[in-house]
Amino acid sequence: MKTVLAVVVFLLFAAVIGGTVQAQAFDPVGRYDFTLTDSRIKGTCPMGQDNSGSLSIVKTAGGYALTYVQGMVCSPPKVCHLPGQCRGNECTFSTTVPVDNEGGKVTNSAKLRFEGRGATGRGRSVYRHPSGYQCTWDYKITMTR
């Protein structure tokens, strides 16, 4: 009975330690190739479309930052730099940037779930004009290292 109890305690301890190590091993930092598919546009702005390119994720003092390096229109460049946070293997990135001299702003965001050497999720770009006009581009994003 003591032997069985010792084995059960050992297995529980190993499972807890193994789960802790696995949770700590998640690291989204790196360079990825991405593909945008299933684009949907609402409004008449000249928004994006299905495309591909590369991006990088770096660790920052406040969490992480995703930067589209190639394959996205970045005008101004800050629109392609999205600060974010991760909880487990799910990360959310978002930024809002003024983009014109009329007070219009674009909010770019991405919600990603990392598995193995890549991630999948949804992205969104929303342009808002101070007069109330708005247009939105939603897309599926797939990333691989």
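All figures in this text were calculated on a predicted structure; none of them were measured in a lab.
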Report yes if some heavy atom in the side chain of [X] is under 4.5 Å from a heavy atom in the side chain of [Y]; otherwise report no.
X      : Y      : value
Cys91  : Gln85  : no
Ile57  : Tyr32  : yes
Val126 : Gln134 : yes
Leu112 : Met143 : yes
Thr107 : Ser94  : yes
Pro83  : Thr95  : yes
Asp38  : Tyr139 : no
Val69  : Arg31  : yes

Common cluster, [X]/[Y], ILVMFWY with side-chain heavy-atom separation under 4.5 Å:
X      : Y      : value
Tyr127 : Phe93  : no
Val97  : Leu55  : no
Trp137 : Val106 : no
Tyr133 : Val99  : yes

What pair of heavy atoms forms the shortest contact from [X] to [Y], and how long is it?
X     : Y      : value
Pro28 : Tyr64  : CG-CE2, 3.6 Å
Gly43 : Cys135 : CA-CB, 3.8 Å
Cys80 : Met72  : SG-CB, 4.0 Å
Ala65 : Thr60  : CB-CG2, 3.8 Å

Q) Is Lys42 atom NZ crowded by more than 12 heavy atoms from other residues, nucleotides or ligands, each under 6.0 Å away? A)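 It does not: Lys42 NZ has 12 such atoms or fewer within range.
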Q: Count the heavy atoms of every other residue, nucleotide or ligand shown that sit under 6.0 Å from CZ of Arg117, and state whether that count exceeds 12.
A: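 Open: at most 12 neighbouring heavy atoms sit under 6.0 Å from CZ of Arg117.
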**Q.** Within residues 97-115 or reaching into it, pairs that qualify as salt bridge (charged side-chain N to carboxylate O under 4.0 Å, His left out) - sequence neighbours excluded
**A.**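 Qualifying pairs: Glu90-Arg113, Arg113-Glu115.
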Q.
For the backbone of Val79 and the side chain of Asn108, can you confirm whether one donor and one acceptor N or O come within less than 3.5 Å of each other?
A. yes
Q.
Closer than 4.0 angstrom, basic N to acidic O: yes or no for Arg40 and Asp138?
A.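 Here Arg40 does not pair with Asp138 in a salt bridge, since their nearest N and O are not under 4.0 Å apart.
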Once you round to the nearest 0.5 Å, how far does [atom1] of [X] lie from [atom2] of [Y]?
X      : Y      : atom1 : atom2 : value
Leu82  : Thr67  : CG    : OG1   : 7.5 Å
Ser52  : Asp33  : OG    : CG    : 8.0 Å
His129 : Ser131 : NE2   : OG    : 4.5 Å
His81  : Ser56  : NE2   : OG    : 9.0 Å
Thr144 : Phe34  : OG1   : CZ    : 11.0 Å

(Q) Is it the case that the ring center of Phe114 lies less than 6.0 angstrom away from the ring center of Phe26? (A)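 Yes, the ring centres sit under 6.0 Å apart.
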Q | Derivation and outcome, side-chain hydrogen bond (donor to acceptor under 3.5 Å, both in side chains), residues Asp50 and Ser39 | A | CA-CA 6 Å; Asp50 289 356; Ser39 288; 2.7 Å; yes
